[in-house]
Amino acid sequence: MLKEAIVLAGGLGTRLRGVVQDLPKPMAPVNGKPFLQYVLAHLELYGIKKVVLSVGYKHELIKEHFDDKFHYMQLDYAIEEAPLGTGGAICLAAEKLDSDRFIVLNGDTLFKANLGKLQDYHRIFGAELTMVLRQVPDVGRYGAVEVNPGGRIIGFSEKSEAKGKGNINGGIYLMNRSLISEFEVGRKFSFEKDVLQKKFEDHAFFGMSCKQYFIDIGIPEDFKRANEEFKEFADEF
């Protein structure tokens, strides 16, 4: 079973400035708790023992709140001195992990996917990367991910090209370290563009569709919705 994960928690929260104080986006308060707390609790539910938080903007606030533990889970920090993009952030954080396979997810998104099933899926298909997909009524805000009947990823559509019902990247990956081994630590690059979109044809990338609860608090409307909807499962966290 996998025991390690990376949480990308360096978001500036620029679009939330009108509704929350000047905080890193994962620290935005939802029902009196930082949003990041809900993400960590979900990881702990599936037996993750160590999480590296990839942080940048006002990272001191995250460290002051969580320190080096969340319940029984060890926390470490990969601090970006300058923005490295999603790919650079993953590379930097992976230096603090021991495993050759690990989970990566976003600190501003709660997707209550079954991470045990994700591990089984990854192993059964011999995948190098398995992405959790979420079907939405309109993919225009996110861009779409195309898969064949066997679940293999066969293409990506940009936000400007995509519309209508379809699968989106849910922001959770189970990935092999080898996918980023060619990149120099400290180099800025996009995981989405430089790994996902460039390597899917020649590498075993699969998508696992999941219908569980999903929310991204990147815009004020969804931040407000999170504060309302999280009341239903507050006891879980």
Side-chain angles (χ1 to χ4, degrees), residues 1-14 24-27 36 39-40 43-44 46 48-70 73-109 111 115 118-119 122-123 126-132 143 145 153 156 169-206 218:
M1 295 291 289
L2 290 180
K3 300 296 182 184
E4 297 185 317
I6 293 169
V7 176
L8 301 177
L12 297 177
T14 305
K25 187 161 48 170
M27 292 298 289
L36 180 58
V39 178
L40 293 175
L43 286 172
E44 187 179 43
Y46 287 94
I48 297 298
K49 300 299 183 186
K50 178 179 180 179
V51 174
V52 177
L53 298 171
S54 174
V55 296
Y57 177 72
K58 292 201 169 183
H59 61 270
E60 299 89 354
L61 298 177
I62 299 176
K63 292 188 72 174
E64 286 172 8
H65 184 88
F66 290 102
D67 199 15
D68 61 356
K69 278 190 176 182
F70 178 76
M73 195 159 55
Q74 178 187 352
L75 301 182
D76 202 347
Y77 296 84
I79 301 170
E80 298 178 51
E81 300 301 331
L84 294 175
T86 49
I90 292 170
C91 281
L92 186 66
E95 290 286 288
K96 293 179 175 286
L97 299 179
D98 298 319
S99 306
D100 289 328
R101 290 195 307 275
F102 44 83
I103 289 173
V104 178
L105 67 165
N106 295 318
D108 58 0
T109 301
F111 194 175
L115 302 183
L118 174 64
Q119 294 177 52
H122 189 84
R123 184 181 65 254
E128 294 173 76
L129 177 140
T130 304
M131 174 192 302
V132 185
V145 183
I153 293 174
F156 296 89
N169 178 351
I172 298 179
Y173 314 110
L174 198 170
M175 59 174 283
N176 295 358
R177 185 186 294 268
S178 58
L179 289 173
I180 55 173
S181 60
E182 69 188 74
F183 296 96
E184 180 183 355
V185 176
R187 170 186 167 187
K188 181 178 180 178
F189 70 97
S190 165
F191 186 75
E192 294 78 10
K193 292 182 178 179
D194 296 312
V195 176
L196 296 181
Q197 294 179 23
K198 287 187 177 179
K199 294 191 174 189
F200 75 89
E201 292 182 319
D202 301 318
H203 293 264
F205 288 6
F206 284 81

(request) Compare every heavy atom of Asn106 with every heavy atom of Val7, then report the nearest pair and how far apart it is. (result) CG1-C, 4.2 Å

(request) State, to 0.1 Å, how close Asp76 and Lys96 come at their nearest heavy-atom pair, and which atoms those are. (result) OD2-CD, 3.6 Å

(message) If I take atom CD1 from residue Ile79 and atom CG from residue Leu92, how far apart are they, to the nearest 0.5 angstrom?
(response) 9.0 Å

(request) Identify the heavy atoms of Leu8 and Ala89 that sit nearest to each other, and give their distance. (result) CD2-CB, 4.0 Å

(request) Give a yes or no on whether the backbone of Phe102 and the side-chain of Ser99 come within a donor-acceptor separation of less than 3.5 Å. (result) no

(message) Could you walk me through whether Val195 and Phe189 satisfy the side chain to side chain contact (heavy atoms under 4.5 Å, CB included) test, starting with their C-alpha distance in whole Å, then the side-chain angles of each, then the deciding distance to 0.1 Å, before giving a yes or no?
(response) CA-CA 9 Å; Val195 176; Phe189 70 97; 4.0 Å; yes

(request) Verify, without hydrogens or angle tests, whether His203 (side chain) and Phe200 (backbone) share a donor-acceptor contact under 3.5 angstrom. (result) no

(message) Treating Lys188 as the side-chain partner and Ala82 as the backbone partner, does any N or O pair qualify as donor plus acceptor under 3.5 Å?
(response) no

(request) Please name the pair of heavy atoms, one in Ala94 and one in Ile180, separated by the smallest distance, quoted to 0.1 Å. (result) CB-CD1, 4.1 Å

(request) Ignoring hydrogens and angles, tell me if any N or O in the side chain of Glu128 forms a donor-acceptor pair with the backbone of Ala204 under 3.5 Å. (result) yes

(request) Please confirm whether the backbone N or O of His122 pairs with a side-chain atom of Arg101, one donor and one acceptor, at under 3.5 Å? (result) no

(request) Taking all heavy atoms of Met73 and all of Leu40, pick out the closest pair and write down the distance. (result) CE-O, 3.4 Å

(message) When you compare the side chain of Leu2 with that of Leu115, does any pair of heavy atoms fall below 4.5 Å?
(response) no

(request) Compare all side-chain heavy atoms of Ile62 with those of Pro24 and state whether any distance is below 4.5 angstrom. (result) yes

(request) Over all heavy atoms of both residues, which pair between Ser54 and Ala93 is shortest? Give the atoms and the distance, please. (result) CB-CB, 4.4 Å

(message) Would you say that Leu36 contacts Phe66 through its side chain, given a criterion of any heavy-atom pair below 4.5 Å between the two side chains?
(response) yes

(request) Rounded to the nearest 0.5 Å, what's the gap from CD1 on Ile103 to CD1 on Ile48? Could you check? (result) 4.5 Å

(request) Could you tell me whether Glu60 atom CD has more than 12 heavy atoms of other residues or ligands within 6.0 Å of it? (result) yes

(request) On the 0 to 90° scale, with breaks at 30° and 60°, tag the Phe191-Tyr173 ring pair as parallel, tilted or perpendicular. (result) tilted

(message) Check whether Glu95 reaches the backbone of Val185 with its side chain - one donor and one acceptor, N or O, closer than 3.5 Å.
(response) no

(message) Is the shortest side-chain heavy-atom distance between Arg177 and Leu97 below 4.5 Å?
(response) yes

(message) side chain to side chain contact (heavy atoms under 4.5 Å, CB included) for Phe111 and Leu105? Distances and angles first, verdict last.
(response) CA-CA 9 Å; Phe111 194 175; Leu105 67 165; over 6 Å; no

(request) Could you tell me whether a side-chain N or O of Lys199 sits under 3.5 Å from a main-chain N or O of Leu179, the two making a donor and an acceptor? (result) yes

(request) Might you work through the side chain to side chain contact (heavy atoms under 4.5 Å, CB included) test for Leu196 and Ile153, ending with a clear yes or no? (result) CA-CA 9 Å; Leu196 296 181; Ile153 293 174; over 6 Å; no

(message) Against Tyr77, only a single residue in Val52, Asp68, Leu53 fulfils side-chain contact (heavy atoms from CB on, under 4.5 Å); can you say which?
(response) Leu53

(message) Let me confirm one number: the CG-CD1 distance from Leu43 to Ile6, rounded to the nearest 0.5 Å.
(response) 11.5 Å

(message) Is it the case that the side chains of Thr86 and Glu192 hold a donor-acceptor pair, with the cut-off being a distance below 3.5 Å and no angle test?
(response) yes

